[in-house]
Amino acid sequence: MAVQTSTKLNLCDDDDEKPLVFKRSNPKSKQNQLDGQLKQLPEQNKSSTIKEESNSIEHPAKENSDSEDAKPIKARLGKPCEDSDDDKPLSSRITPKKVGTSGSQPYDSKERKPVASKVQKNFSSTTDKGKTSYVISTKRPLDKANISEKSSAKRPKVSDSSTSIKNMQVSAKKEPKKEDDDDFIPISQRIKKATSDNKSPVTKQKVTKVGPSSIKKKIKKGQKASQFSKYSKSTTVPPSSNDGQKKWTSLVHNGVIFPPPYKSHGIKMLYSGKPVNLSPEQEEVATMYAVMKDTDYVQKQTFRNNFWNDWHKLLGKNHIIQKLDACDFSPIYDWYQNEKEKKKQMSTEEKKALKEDKLKEEEKYMWAVVDGVKEKVGNFRVEPPGLFRGRGEHPKSGKLKRRIRPSDVTINIGKDAPIPECPIPGESWKEVRHDNTVTWLAFWNDPINQREFKYVFLAPSSSLKGQSDKEKYEKARMLKDYIGNIRAAYTRDFTSKDGTKRQIAVATYLIDKLALRAGNEKDDDEADTVGCCTLKVENVKAIAPNSLEFNFLGKDSIRYENTVEVEIPVYKAIIQFQTGKRGSDDLFDRLDTSKLNAHLKELMPGLTAKVFRTYNASITLDNILNKETKEGDLSEKVVVYQHANKEVAIICNHQRTISKSHSAQMSRLLEKIGNLQSTLKELKTDLDRAKKGRPPLKDADGKQKRNLTPEALERKIAQTTVKIEKMELDMRTKEDLKTVALGTSKINYLDPRITVAWCKRHEVPIEKIFNKSLLAKFAWAMDVDPDFRF
DNA sequence: CACCCCACTTAGAAAGCCCGAT
DNA sequence: ATCGGGCTTTCTAAGTGGGGTG
């Protein structure tokens, strides 16, 4: 054990990464913009949360959470969420300070409070110990290696780079390349050296695995292994991962399924108050619009204009309908609501029968056989026609997305597999390919943007997806060994005389510290959003002495609002980048994502901007779980996980819109609590009286209550108190999480091995954290060693 | 290098389902 | 039996990033 422990510690420590800690306010923005709904919220809600961050990753959370519960709800609601203070790990050792968050924004939207949700994950880095799972994990690397060797054919470049991460790491560390060129010794090299000296991964791994750990494992596993292993799918992971090129050897599937042809309902909409005849094609599009009546899409002028343009074309120049404003779609809307209602009213048997029919019809499309293994297909249904629902201010929002036909679809399938029959009689596929260097089963061009494609892939539970998921996390773990030097290097370059270098340094810093996305260029016919490299001068405000206030729309037009204290050189550099520019000019004028990534690749093999997000998310989870998990009951542990999950979601700015019923729900809860409190008061009064041998007071209706013993009353009081506390906690949690989306990070950013290992160590059933889909998706992580740390 | 093409991951909203309180 | 609400699942939009080309 000792050994193990130490290992663990080391790993942890290695976190050399001390958290940078930034704070971020929470951003939540998009919704705000869009919806007015938010406004409805009661003030209490608004209070919230901004978080600021504390510095270190470690302590923050605990304090908050513990203490808070005790306070009255209102008080809690009122506070900014302190919980959040945690540290955000982005950290570096560079030590930035925190800043208070931005003050100006309205809190409403931003708040996020602690979550209650369930998931957590941890993992430790590197230890792959043997074990079954181990096999799996190792596979890739090995595979790759093997493959690369074998296949001379395809591997142009990919293969090289793709060599297994592990291999790379090892080699890198061991033999630091000394070639470092120019002045700048590649960080990677340096890092390698450093790491190799003390704790090269290799060493770590071995130590951990071999020693005591194995013993531990056995013990632990004895109890739980089976539970976890039932989800693990070691067998499925094919050893065959190739690196870059060959993705499969045999591929069999049945193609895709098309939506049924349009069935006219014949309901007449009104134009200037009079019924209008429409052809089925015209009616179909009118119905698409009618049905959206109570979405906020139709409130947007862009949406209506685009819809009108396309529909008008269908109607023809001389149609009676000449303007959208005189259209009344409500007959169609009402018909639709009625149909929905009818469906709801069907008996359960009818519903079941309907469902079975559908299943039968789709069953054959749901599966593919990849290298002899049956795998689920992700999206085998071709997208039905509809009105394009672009997010944010998308210039094409509302345009008609036309029906996709077999002649639009290209199928990819094994050479020896039967070509799927075209499901629409008389039509045929656009093309059939046999390309085993890609994983898609079919694609068609996006009707909204012809230059883009819509692919049909395997489901996340497939080994193909699982393997690449695992590779993603291995790469992020590799960053652990390089991050120290990378931070040191960019810190040095904050003051470089080379302007490009300076921009790269600052951009990298922001990506690392704030988990910003890379920020590729966008076309004019897309919503105007930005990432790091595309930040505009107006998106960042320097606030003396050394804080930066960020405010911009990111992916999905979600607003990022955060004020952060940064190092002085960064602060100065930003001001310098802004000098002489207009607000709408690029902050980083000598930079784009490809330059940035090219630079990152010099620092670590395979490193790109997005790896920092994965790294920071996962390392944060690992750190928080390990710091905050205490002895305690199951639900307390789950709360710790949820808290960690929430912190990650905040770092990554994963938001959701406040549900329409949120404020109603809150007031309902408040009312219930109020009732309980008066009950409590009565009980206390009755208790006092009972102690003096007097009967209870009459209840609100004037009826006489039952005569209870003081003991019974005390029991009731205790029960009621507990109930109130629980409700207050629920309420706080709900308020806290009303704008935080926990799922995204769980699905995409948190190495599942962290979670699985933590569950094993703390005897938390994995089902408390992962739902069925996640268990299937993360089958590859199930047999991780309990000592695993990210 | 700018541009385009392509493949694949990441994302929030909507729809569906399920379960407990009434 | 109904309703409300949370959690899942589905859907598809919106990102990232690699590679080829001229």
Side-chain angles (χ1 to χ4, degrees), chain A residues 30-31 34-35 116-119 156-158 161-162 244 247 292 295-297 340 343-344 348 351 355 378-384 386 388-392 394 396-397 401 412 435 437-440 443 445-446 448-460 464-465 468-469 472 517-523 526-527 529-534 553-558 592-598 600-601 606-611 613-614 617 652-657 659-662 664-665 668-669 672 730 734 737 739 741-745 747-749 770-774:
Chain A
K30 58 161 54 120
Q31 339 160 322
L34 306 180
D35 337 349
S117 52
K118 5 184 146 195
V119 179
K157 17 177 138 184
V158 178
S161 55
S162 60
K247 300 288 176 42
M292 291 179 75
T295 69
D296 27 347
Y297 287 106
K340 275 208 301 201
K343 232 175 241 169
K344 245 203 302 195
T348 28
K351 282 184 191 163
K355 219 170 160 184
N379 53 326
F380 51 85
R381 271 181 284 261
V382 167
E383 294 173 17
F388 178 66
R389 291 148 112 103
R391 315 267 174 91
H394 194 117
K396 293 189 170 182
S397 206
K401 201 173 77 165
N412 189 36
D435 184 353
T437 68
V438 295
T439 66
W440 51 266
F443 85 88
N445 288 86
D446 179 1
I448 291 296
N449 187 343
Q450 269 307 121
R451 308 183 302 128
E452 294 182 350
F453 316 88
K454 297 288 201 169
Y455 292 93
V456 174
F457 290 116
L458 293 173
L464 220 44
K465 292 285 195 194
S468 75
D469 212 25
K472 172 182 77 184
R517 295 186 182 84
N520 282 315
E521 297 294 331
K522 298 192 72 181
D523 286 346
E526 298 177 281
T529 63
V530 303
C532 184
C533 294
T534 42
L553 295 184
K555 182 177 179 180
D556 292 312
S557 294
I558 296 286
D592 61 35
T593 54
S594 57
K595 279 185 200 125
L596 179 66
N597 284 332
L600 293 176
K601 285 204 167 46
L607 185 61
T608 62
K610 73 173 215 154
V611 178
R613 288 194 112 210
T614 309
C652 294
N653 200 33
H654 291 146
Q655 303 189 36
R656 58 176 185 165
T657 53
S659 86
K660 286 188 180 144
S661 55
H662 179 82
Q665 288 174 27
R668 211 169 296 145
L669 278 173
K672 279 187 179 173
D730 286 352
K734 193 192 189 87
L737 293 181
T739 61
L742 299 179
T744 306
S745 52
I747 294 170
N748 300 300
Y749 287 103
F770 288 158
N771 64 30
K772 209 173 108 219
S773 306
L774 258 14

Sugar-phosphate or base contact per nucleotide [nucleotides 10-17 of chain C; S, B, -; heavy atom under 4.0 Å]: -SSSBSBB
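A/N449 contributes a side-chain N or O that, together with a main-chain N or O of A/R451, makes up a donor-acceptor pair within less than 3.5 Å. At least one donor-acceptor pair under 3.5 Å links the side chain of A/N748 to the backbone N or O of A/T744. Between the A/R656 side chain and the A/L737 main chain, a donor and an acceptor come within less than 3.5 Å of each other.
Considering only side-chain N and O atoms, A/T657 lies under 4.0 angstrom from the phosphate OP1 or OP2 of B/dA13. Proximity of A/K355 to the phosphate of B/dG16: no side-chain N or O atom is located under 4.0 Å from OP1 or OP2. The phosphate of B/dC8 has OP1 or OP2 within less than 4.0 Å of a side-chain N or O from A/K247. Between A/Y455 and the phosphate of B/dC8, there is no side-chain N or O to OP1/OP2 separation shorter than 4.0 Å. Neither OP1 nor OP2 of B/dA21 sits under 4.0 Å from any side-chain N or O of A/K672. At least one side-chain nitrogen or oxygen of A/T744 sits closer than 4.0 Å to the OP1 or OP2 atom of B/dG12.
The cationic atom of A/K454 (NZ for Lys, CZ for Arg) does not lie both less than 6.0 Å from the six-membered ring centre of A/F443 and within 45° of the ring axis.
Within 4.0 Å of A/T439, counting heavy atoms only, lie sugar-phosphate atoms of the nucleic acid but no base atom.
For the residue pair A/T437/A/K247, the side-chain donor-acceptor check at 3.5 Å is not satisfied.
To the nearest angstrom, P of B/dT10 lies 9 Å from NE2 of A/H654. Note: CD1 (A/I747) to C1' (C/dT9) measures 10 Å, nearest angstrom. Rounded to whole Å, atom P of B/dA15 lies 13 Å from atom NZ of A/K344. The CG atom of A/N748 sits 6 Å away from the P atom of B/dA11 (whole-angstrom rounding). Atoms CG (A/D435) and P (B/dC6) sit 12 Å apart, rounded to a whole Å. Taking atom CG on A/L742 and atom P on B/dT10, their separation rounds to 18 Å, with Å as the unit. Distance NZ (A/K772) to C1' (C/dG6): 17 Å, rounded to an integer number of Å. Atom CZ of A/R656 is separated from atom C1' of B/dA14 by 14 Å (rounded to the nearest Å).
Counting all heavy atoms, side chain and backbone alike, A/A609 lies closest to A/N597 at N-OD1, 2.9 Å.
Looking at which nucleotide of DNA chain B each of A/R613 and A/T295 is closest to, the 5′-most match is held by A/R613.
In this structure, A/K672 does not pair ionically with A/D730, as no charged nitrogen and carboxylate oxygen lie closer than 4.0 Å.
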